[in-house]
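These notes are about the structure you will find just below.
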Amino acid sequence: MPLAFHYFKSPMDFIRNLFSKLFSKKLTGDGENIERLRLDFKERYHNFKLLLNSNNQSLEIMAQMEEALSGKEPFGMTFIRSACTSAGVNVYRMIQKIEELAPGKYQRLFGRYEEIQRRIEAVLSQKKELSDTRLLIFLEDLNKELVDVAGSKMANLGEIRTRLGLSVPDGFVLT
């Protein structure tokens with residue numbers, strides 16, 4: 001019989017004794033420590049849920065941008081800037097929550113985030129030369145390529161009229 005069992009009548013007695021020592025300990029200490037642990041867990045759980053929420057929102061924004069790039073609907077720089085800003089805010093929230101969950105462990109992410117944001121801002125701040133300099137464009141002359149000049153709603157109406165041949169009232173847009 002192994003040395004560990006020599007104090008016990010059988011291996012089952014040893015296992016029962018081991019389990020009783022491991023699992024029969026009651027929480028000792030004052031109620032204040034237990035309450036502090038409970039509140040700490042609750043806060044960490046809340047931060048984790050916020051992290052997941054920000055992650056999901058970022059993924060939704062990226063999916064919207066990918067859908068826009070499919071070319072089914074026209075979009076302009078207003079959409080791009082808005083989507084980049086929303087995604088950036090959610091990624092920053094994710095970094096904050098990760099840092100709150102593991103203080104000091106992911107501090108470098110803030111610097112990397114700032115660097116990426118500067119690069120995105122540099123790209124978004126570039127001014128595109130407008131392909132059409134007319135101040136007034138009639139609806140029949142509009143298409144999705146003129147979305148930056150006319151706006152997405154008017155470009156959509158122009159597409160509906162010219163490409164689909166559906167009935168759209170006469171109109172124009174001031175650029």
Side-chain angles (χ1 to χ4, degrees), residues 1-128 144 147-156 159:
M1 185 178 281
L3 185 62
F5 295 126
H6 81 277
Y7 294 111
F8 303 99
K9 293 179 183 171
S10 70
M12 282 307 292
D13 286 339
F14 173 76
I15 292 171
R16 270 191 223 105
N17 186 42
L18 179 65
F19 274 102
S20 67
K21 284 181 180 179
L22 289 174
F23 297 112
S24 68
K25 290 186 179 179
K26 297 192 172 141
L27 285 175
T28 57
D30 55 14
E32 187 177 303
N33 286 339
I34 294 170
E35 183 64 20
R36 189 173 63 235
L37 286 173
R38 189 183 70 72
L39 290 174
D40 184 48
F41 177 78
K42 188 176 179 179
E43 181 182 347
R44 290 174 61 82
Y45 177 71
H46 179 70
N47 283 332
F48 186 69
K49 281 178 39 178
L50 292 175
L51 169 72
L52 291 177
N53 186 39
S54 293
N55 182 61
N56 289 339
Q57 289 178 357
S58 295
L59 292 173
E60 285 179 24
I61 293 164
M62 290 179 214
Q64 290 170 0
M65 292 174 81
E66 190 173 328
E67 178 68 27
L69 286 173
S70 71
K72 294 176 185 170
E73 292 185 31
F75 63 93
M77 283 307 292
T78 303
F79 169 76
I80 298 295
R81 285 186 184 97
S82 173
C84 287
T85 300
S86 296
V89 166
N90 281 295
V91 168
Y92 187 79
R93 284 183 189 149
M94 289 169 56
I95 295 170
Q96 282 180 315
K97 296 306 167 192
I98 289 173
E99 181 61 28
E100 287 178 29
L101 289 169
K105 201 169 185 184
Y106 298 100
Q107 193 66 34
R108 292 178 31 200
L109 288 177
F110 287 107
R112 187 69 177 123
Y113 169 82
E114 292 297 328
E115 181 183 326
I116 291 168
Q117 282 300 107
R118 280 192 297 275
R119 291 174 65 189
I120 290 171
E121 187 56 39
V123 171
L124 293 179
S125 65
Q126 294 175 356
K127 297 290 182 187
K128 178 184 170 189
K144 68 180 180 182
V147 70
D148 285 336
V149 176
S152 62
K153 288 179 186 173
M154 293 305 288
N156 279 331
E159 283 284 313

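Residues: numbered from 1 along the sequence shown. As the structure is a prediction and not an experimental result, all values here were calculated from the model.
- For Phe110, the CZ atom counts as densely surrounded, since its 6.0 Å shell holds more than 12 non-hydrogen atoms of other residues, nucleotides or ligands.
- Between Glu114 atom CD and Glu121 atom CD the span is 12.0 Å, to the nearest 0.5 Å.
- The heavy-atom pair separating Met154 from Ala150 by the smallest distance is CB-O, 3.8 Å.
- A distance of 10.5 Å separates CG of Leu51 from CD1 of Ile95, quoted to the nearest 0.5 Å.
- Summarising the geometry, atom CD1 belonging to Ile98 is positioned 6.0 Å from atom CG belonging to Leu109; distances are rounded to the nearest 0.5 Å.
- Tyr106 places no side-chain N or O within donor-acceptor distance of the main-chain N or O of Lys97, the cut-off being under 3.5 Å.
- Counting non-hydrogen atoms of neighbouring residues, nucleotides and ligands closer than 6.0 angstrom, the CD atom of Glu32 reaches no more than 12 such neighbours.
- Residue Ala68 comes nearest to Phe75 through the heavy atom pair O-CE2, 3.1 Å, listed as atom of the first residue, atom of the second, then distance.
- In this structure, Ile120 CD1 and Arg81 CZ are separated by 13.0 Å, a value rounded to the nearest 0.5 Å.
- Between Gln57 and the options Asn53, Leu59, Asn55, a side-chain contact (heavy atoms from CB on, under 4.5 Å) holds for only Asn53.
- A donor-acceptor pair under 3.5 Å is formed between the side chain of Ser58 and the backbone N or O of Ser54.
- Distance check: Glu67 CD to Glu60 CD gives 13.5 Å after rounding to the nearest 0.5 Å.
- Between Glu99 and Lys105 the shortest heavy-atom distance is OE1-N, 4.1 Å.
- Note on Glu115 versus Arg118: no salt bridge recorded, every NZ/NE/NH1/NH2 to OD/OE distance being 4.0 Å or above.
- To the nearest 0.5 Å, atoms CD (Glu43) and CG (Leu101) are separated by 9.0 Å.
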Worksheet item: Should Arg36 and Asn33 be marked as a side chain to side chain donor-acceptor pair (under 3.5 Å) after you check the CA-CA gap, both sets of side-chain angles, and the distance that decides it?
Response: CA-CA 5 Å; Arg36 189 173 63 235; Asn33 286 339; 3.0 Å; yes

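- The nearest pair of heavy atoms linking Gly71 to Lys144 is O-NZ, 3.3 Å.
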